[in-house]
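Right, one structure below, let's go through it.
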Amino acid sequence: MIEFIQHLVNGLSLGSIYALIALGYTMVFGILQLINFAHGDVYMLGAFIGMYTSRLLHLDQNPSFGALCIALLAAMIGCAVVGFLIERIAYRPLRKSPRINLLITAVGVSLFIEFSGQLLFGADPKFFPQIFQIHQEFSYGELKINPLQMMVLLISVILMVVLQTIIYKSRWGRAMRAASFSHDLASLMGIPTDRVISFTFMLGSALAGAAGVLVGLIYPKIEPLMGVMPGLKAFVAAVLGGIGNVTGAVVGALLLGLSETFLVGYGYPTFRDALAFALLILILLFRPNGLFGSKRTDKV
Amino acid sequence: MKKFRNPLVAGLVAVAAFSLVSCAKKEVKMTSSAPTGNELLVGEVGSMTGGEATFGMSTHNGIVLAFEKVNAAGGVKGKTLKLISLDDQGKPEEAATAVTKLVTQDKVIAVLGEVASSRSLAMAPIAQQNRVPMITPSSTNPKVTEVGDFIFRVCFIDPFQGTVMAKFATETLKFKNVAILRDIKNDYSVGLANFFKETFEKSGGKITIDTSYSAGDMDFKSQLTTIRTKKPDAIFVPGYYTEVGLIARQAKELGLNVPLMGGDGWDSPKLKEIGGKAIEGSYFSNHYSEEDQSPHVQKFIAEYKAKYNIVPDGLAAMGYDAAIVLIDALNKAPEMTNTAIRDAIAHTKDFQGVTGMITLNEKRDPVKSAVVLKVADGRFKYQSTVKP
């Protein structure tokens with residue numbers, strides 16, 4: 001029984017990491033109908049920005065919640081800038097072209113970041129400084145819970161609520177939804193669509209940056225290609241929950257994390273990555289709108 | 001509805017395309033001038049970049065040190081040795097492309113590399129087909145030299161390495177129950193796990209669970225949770241340092257306070273960095289120990305430190321040994337033809353390398369001893385030497 005609950009906890013913590021990345025994915029898709037494949041790489045950049053900031057400011061010598069906040073802030077701002085640049089340089093000139101052009105460009109941007117990352121940071125794995133530690137561990141007999149991972153779960157859920165509020169309650173959110181409905185019509189109504197789209201990208205990239213730092217803290221091995229697999233998994237999670245749907249992304253990610261953990265824990269470790277992609281194919285075949293593929297998203 | 005379906009299906013195609021596109025070729029050319037009559041070209045393939053970059057770089061450093069020494073002393077038969085190094089980014093398919101370029105375009109007389117058995121196995125058939133001698137410094141999987149009579153190695157092989165750790169576990173550490181966690185994507189890891197299992201069970205030990213992960217994973221808690229229920233005395237993780245550090249950390253987080261054991265794939269300073277306190281108290285087998293006081297080892301360490309300002313790891317020593325075995329053969333070969341060089345390498349006998357005496361047997365594998373190291377106080381501490 002303890003083993004089962006431990007698997008449950010492990011699955012939730014893994015899922016919450018996918019959720020953090022999936023949130024940005026799904027938001028950009030919800031507004032632009034563009035699968036931003038570079039998202040996983042922005043997440044990688046977030047981890048590296050966090051690492052260099054921590055090293056520069058010697059944050060690891062004095063681990064504290066404040067240190068974590070500084071690293072998070074640096075990574076989020078840095079990634080927002082990167083997101084802005086990606087959108088401005090690579091995607092905006094293609095706004096009027098067919099969607100497939102954008103998609104291919106997204107793959108190109110992703111490869112560009114991955115390989116420049118290898119040049120810039122070196123391809124060998126780096127150690128992410130431990131800038132925040134919680135010494136108190138939650139354990140109940142054999143059941144061990146890493147408080148940091150529970151924090152990530154909490155952060156994902158909070159971010160989900162915040163995003164939901166921004167998109168559906170704020171003026172910016174209304175502008176985002178309007179731009180998503182029709183760029184031309186929205187701009188006729190006086191909505192600065194270009195700025196709205198930039199904002200969306202920056203928000204999504206900032207989320208990825210935060211995810212990068214948190215993952216670096218929990219799995220302290222970072223490298224330029226670290227974004228590829230989690231990026232794809234988060235994409236699967238977003239599709240699973242209904243891409244474009246913020247709640248769906250979190251639920252999809254948690255489901256994916258749980259199913260991976262149980263599959264590996266109960267005897268089929270080799271099928272871990274196959275599972276995610278099998279799920280993707282099944283969802284696309286039978287329920288292309290995802291579990292939460294609501295009409296609401298469609299109307300948007 | 002229609003609006004969503006198209007980009008998603010296109011996305012799926014792009015996911016598939018990803019794995020293909022990311023295999024772009026990249027090479028590190030250390031030298032560029034055309035060969036002249038006064039040069040002997042030797043090729044090297046290694047993972048200079050990629051997840052296991054320290055493997056490639058250490059080996060490269062070792063080889064360069066050996067080449068510079070012999071060139072400074074007048075070269076081989078009056079000719080300068082020139083190294084052409086290609087990077088394979090840690091990918092078998094890139095290693096195959098690189099070795100093809102070396103033998104067909106650059107016409108090298110011999111090839112040194114790779115560290116990883118998976119990549120040496122991709123290279124060996126090409127070297128064999130073109131009848132160019134290839135020496136792998138540290139691929140320990142037995143299948144590598146079985147490819148053909150042009151393929152050699154200067155390290156021990158996994159049946160021996162597995163035996164070393166199995167004996168160390170049963171005899172020295174008195175362990176009865178051991179769990180295995182192998183990297184299923186890696187020929188080396190799978191082979192080593194099998195040989196360990198065989199010897200360990202023969203010595204009366206019990207493998208309580210045999211499970212796996214894939215290189216590149218970051219979460220191992222599901223496997224470790226399952227392993228925890230079996231209450232093993234130790235976990236045998238014959239993977240590479242890239243994952244072992246994380247595995248050690250997550251095992252401790254789950255309250256699994258048993259030592260890990262592994263092979264020469266652990267040998268990298270990064271292991272201690274990533275694993276931190278969690279990896280302390282773990283054991284692995286290796287080719288050499290920097291604490292070995294033999295004069296030839298200490299001389300090598302001093303020379304290496306003078307050039308690179310760091311203490312060489314085992315892979316640097318293996319790279320150096322592969323290079324000096326080749327140089328010795330080139331000196332002895334009556335002429336610079338493929339078969340003459342091949343025969344000269346095959347006749348290597350009682351040759352003093354940094355990592356021990358090298359005598360190649362009829363299977364083109366050396367018979368030499370291994371050391372067991374323990375990670376303690378942030379260092380790799382020498383435990384014992386095991387003779388074959």
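Note that these values count all heavy atoms, side chains included, but never hydrogens, waters or copies made by symmetry. Naming: A, B, ... by sequence-line order, numbering from 1 per chain.
Legend: residues meeting ring-ring contact (aromatic ring centres under 6.0 Å, His included) with A/F271, ordered by chain and number and at least two apart, are absent. By the ring-ring contact (aromatic ring centres under 6.0 Å, His included) test, A/F121 pairs with A/F48, A/Y52, sequence neighbours left out.
Using the six-membered ring where Trp is involved, A/F262 and A/Y266 have ring planes that are parallel, under 30° apart on the 30 and 60° scheme.
In terms of heavy-atom pairs under 4.5 angstrom with chain B, the leader among A/G265, A/P125, A/P230 is A/P125. Note: B/T229 leads B/L224, B/I184, B/T229 in heavy-atom pairs under 4.5 Å with chain A.
Closest non-hydrogen pair, B/P92 versus B/A122, comes out as O-CB, 3.5 Å. The heavy-atom pair separating B/P232 from B/A179 by the smallest distance is CB-N, 3.8 Å. Looking at every heavy atom in both residues, B/I207 comes nearest to B/K197 through CG1-CG, 3.7 Å.
B/L246 touches chain A through its side chain: at least one heavy atom from C-beta onward sits under 4.5 Å away, while N, CA, C and O do not. Looking at A/V9, there are no atoms closer than 4.5 Å to chain B (heavy atoms on both sides), in backbone or side chain. Only the side chain of B/K270 comes within contact range of chain A, with at least one heavy atom under 4.5 Å from a heavy atom of that chain. Using a 4.5 Å cut-off between heavy atoms, A/I17 touches chain B through its side chain atoms alone.
Under 3.5 Å, the side chains of B/T225 and A/N10 contain a donor-acceptor pair of N or O atoms. Side-chain contact annotation: B/E93 with B/T97, donor-acceptor N/O pair under 3.5 Å absent. B/D87 and B/T49 are linked by a side-chain donor-acceptor pair at a separation below 3.5 angstrom, with hydrogens and angles left out of the test. No side-chain N or O of A/D60 forms a donor-acceptor pair with one of A/S54 less than 3.5 Å apart.
Heavy-atom proximity under 4.5 angstrom to chain A picks out B/Y241, B/T242, B/E243 from residues 234-245 of chain B. Contacts from residues 249-256 of chain B to chain A, taken as heavy-atom pairs separated by less than 4.5 Å, involve B/R249, B/Q250, B/E253, B/L254, B/G255 in sequence order.
Within a 6.0 Å sphere centred on CZ of A/F112, other residues, nucleotides and ligands contribute 12 heavy atoms or fewer.
Put simply, NZ on B/K272 and CZ on B/F380 are 4.5 Å apart, with the number rounded to the nearest 0.5 Å.
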